[in-house]
Amino acid sequence: MIKTELLAPRPDAIEKAAGILRAGGLVAIPTETVYGLAANALDGAAVSAIFAAKGRPQDNPLISHIASMDMLGMVAGHVPPQAQRLAECFWPGPLTMVLPRGGAVADEVCAGLETAAVRMPSHPVAQAVIRAAGVPLAAPSANLSGSPSPTTAQDVLADMAGRVPLILDGGACEVGVESTVVSLAGSIPVLLRPGGVTKEQLEAALGCEVQMAHAVLHGLREGETAASPGMKYKHYAPKAEVTLVKGAFHAYCNYVAVHAGPGVFALCYEGEEAALCVPAVAYGRKEDAASQAHALFAALRELDRRGARTVYARCPREDGVALAVYNRILRAAAFRVVEA
Ligand code: AMP
Ligand code: MG
């Protein structure tokens with residue numbers, strides 16, 4: 001087992017991270033979405049180590065992170081005008097674009113696909129590490145595959161201690177859910193994963209409709225192949241069995257009261273805890289999707305720490321940033337949704 005160091009992102013720690021990455025090692029880094037487990041995206045052996053450390057299925061491709069537009073050509077083979085437009089509008093920021101792949105990026109990053117996913121993060125530490133390493137960094141979320149994404153360095157440590165030599169501690173991630181993924185590799189733009197950049201914002205920037213992949217709101221149908229392979233896996237799940245409860249607050253409270261028992265918890269909005277007859281964990285404020293996104297994964301991890309076995313969750317909206325929250329919590333709930 002290797003020793004895992006947790007360092008504040010001072011210049012010497014950034015240099016140390018870059019040295020590890022250039023030598024083919026792994027470093028966990030903060031980004032504005034969630035913490036990433038980074039490796040040199042041009043080095044197949046380094047990228048393989050990411051899959052091993054996470055226990056990630058080999059067919060689930062990774063996002064490459066760049067710090068400047070000159071790095072885009074190392075990942076993408078062709079940048080269509082719509083991608084140029086979205087880069088101007090939303091980079092650096094929580095938007096990933098799927099583009100025809102370029103030659104330099106390692107096969108392991110693309111998991112056998114002819115496309116590559118790329119993002120320019122806005123987090124100053126992520127940018128500094130990419131610049132210092134001098135290469136695009138492949139970086140999925142720095143959790144064990146299947147568990148909630150880490151939004152603090154302590155969350156990373158809980159999953160990755162002994163699996164990675166260095167974690168840079170940049171505090172809590174601002175957005176709190178993974179990036180929006182949009183594919184521009186086909187004839188029309190398709191939203192593969194909702195995130196901090198909304199479908200509505202993408203449509204406004206492009207001046208055309210963005211199609212939503214079926215898997216955003218549903219499990220995969222029998223025989224359906226995933227446009228975004230990550231969508232087919234059980235995801236973001238705490239150890240407890242989570243159920244989403246649709247309906248007004250009083251109906252939710254009644255539903256929870258009827259189902260109360262040992263190990264039963266509520267996952268509600270801030271300020272609602274006192275009205276519930278079971279222990280409650282809050283994820284953000286009602287009608288404030290950004291605060292829900294920021295708090296969701298930490299709340300799921302908190303439920304684990306408190307030993308929750310059954311969780312009844314308030315159901316977020318399905319538009320704007322709330323769509324990203326709904327998409328994640330729906331998977332944490334393995335698509336169990338009830339009407340109160
Ligand atoms: P993660 O890095 O854990 O946030 O997951 C990355 C997400 O991006 C997964 O859902 C992948 O399936 C998706 N992704 C990465 N590369 C591609 C690609 N070339 N085509 C479609 N989806 C991709
Ligand atoms: Mg992930």
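Start at 1 and go down the list; that is how both ligands and their atoms are numbered. Quick note: residue numbers are just sequence positions, from 1.
Using a 4.0 Å cut-off between heavy atoms, Arg56 contacts ligand 1 through its side chain alone, with no backbone atom that close. Neither the backbone nor the side chain of Val34 comes within 4.0 Å of ligand 1, counting heavy atoms alone. At a 4.0 Å heavy-atom cut-off, ligand 1 does not touch Thr96 at all. The backbone and the side chain of Thr115 each have at least one atom closer than 4.0 Å to an atom of ligand 1 (non-hydrogen atoms only).
Of all the atoms in ligand 1, the ones that sit under 4.0 Å from a non-hydrogen atom of Leu192 are 21 (C), 22 (N). In the vicinity of Ala117, heavy-atom distances shorter than 4.0 Å reach the ligand 1 atoms 15 (C), 16 (N), 17 (C). Of all the atoms in ligand 1, the ones that sit under 4.0 Å from a non-hydrogen atom of Ser141 are 2 (O), 3 (O). Listed by atom number, the atoms of ligand 1 under 4.0 Å from Leu113 heavy atoms are 18 (C), 19 (N), 20 (N).
In this structure, Gln201 places its CD atom where more than 12 heavy-atom neighbours from other residues, nucleotides or ligands lie under 6.0 Å away. Shown here is Arg317, whose CZ atom has no more than 12 heavy atoms of other residues, nucleotides or ligands within 6.0 Å.
Using a cut-off of 4.0 Å between Lys/Arg side-chain N and Asp/Glu carboxylate O, Glu272 and Lys286 are scored as not salt-bridged.
The nearest non-hydrogen atom to atom 8 (O) of ligand 1, considering only Val109, Ile63, Thr33, comes from Ile63. Across Leu99, Asn60, Val118, Val181, heavy-atom proximity to atom 9 (C) of ligand 1 is greatest for Asn60. Of the candidates Arg193, His65, Glu178, the one placing a heavy atom closest to atom 1 (P) of ligand 1 is Arg193.
Residues in residues 101-122 take part in no ring pair (Phe, Tyr, Trp, His ring centres under 6.0 Å) pair, two or more places apart or across chains. Pairs engaging residues 71-105 under the ring pair (Phe, Tyr, Trp, His ring centres under 6.0 Å) rule: none recorded [sequence neighbours left out].
A donor atom on one side chain and an acceptor atom on the other are found under 3.5 Å apart for Ser179 and Arg193. Between the side chains of Glu178 and Ser149, at least one donor N or O lies within less than 3.5 Å of an accepting N or O.
Between Tyr283 and Tyr269, the ring planes lie tilted relative to each other; the angle falls in the 30° to 60° range.
With a cut-off of 2.8 Å, the Mg ion (ligand 2) has an N, O or S atom of Ser141 in range.
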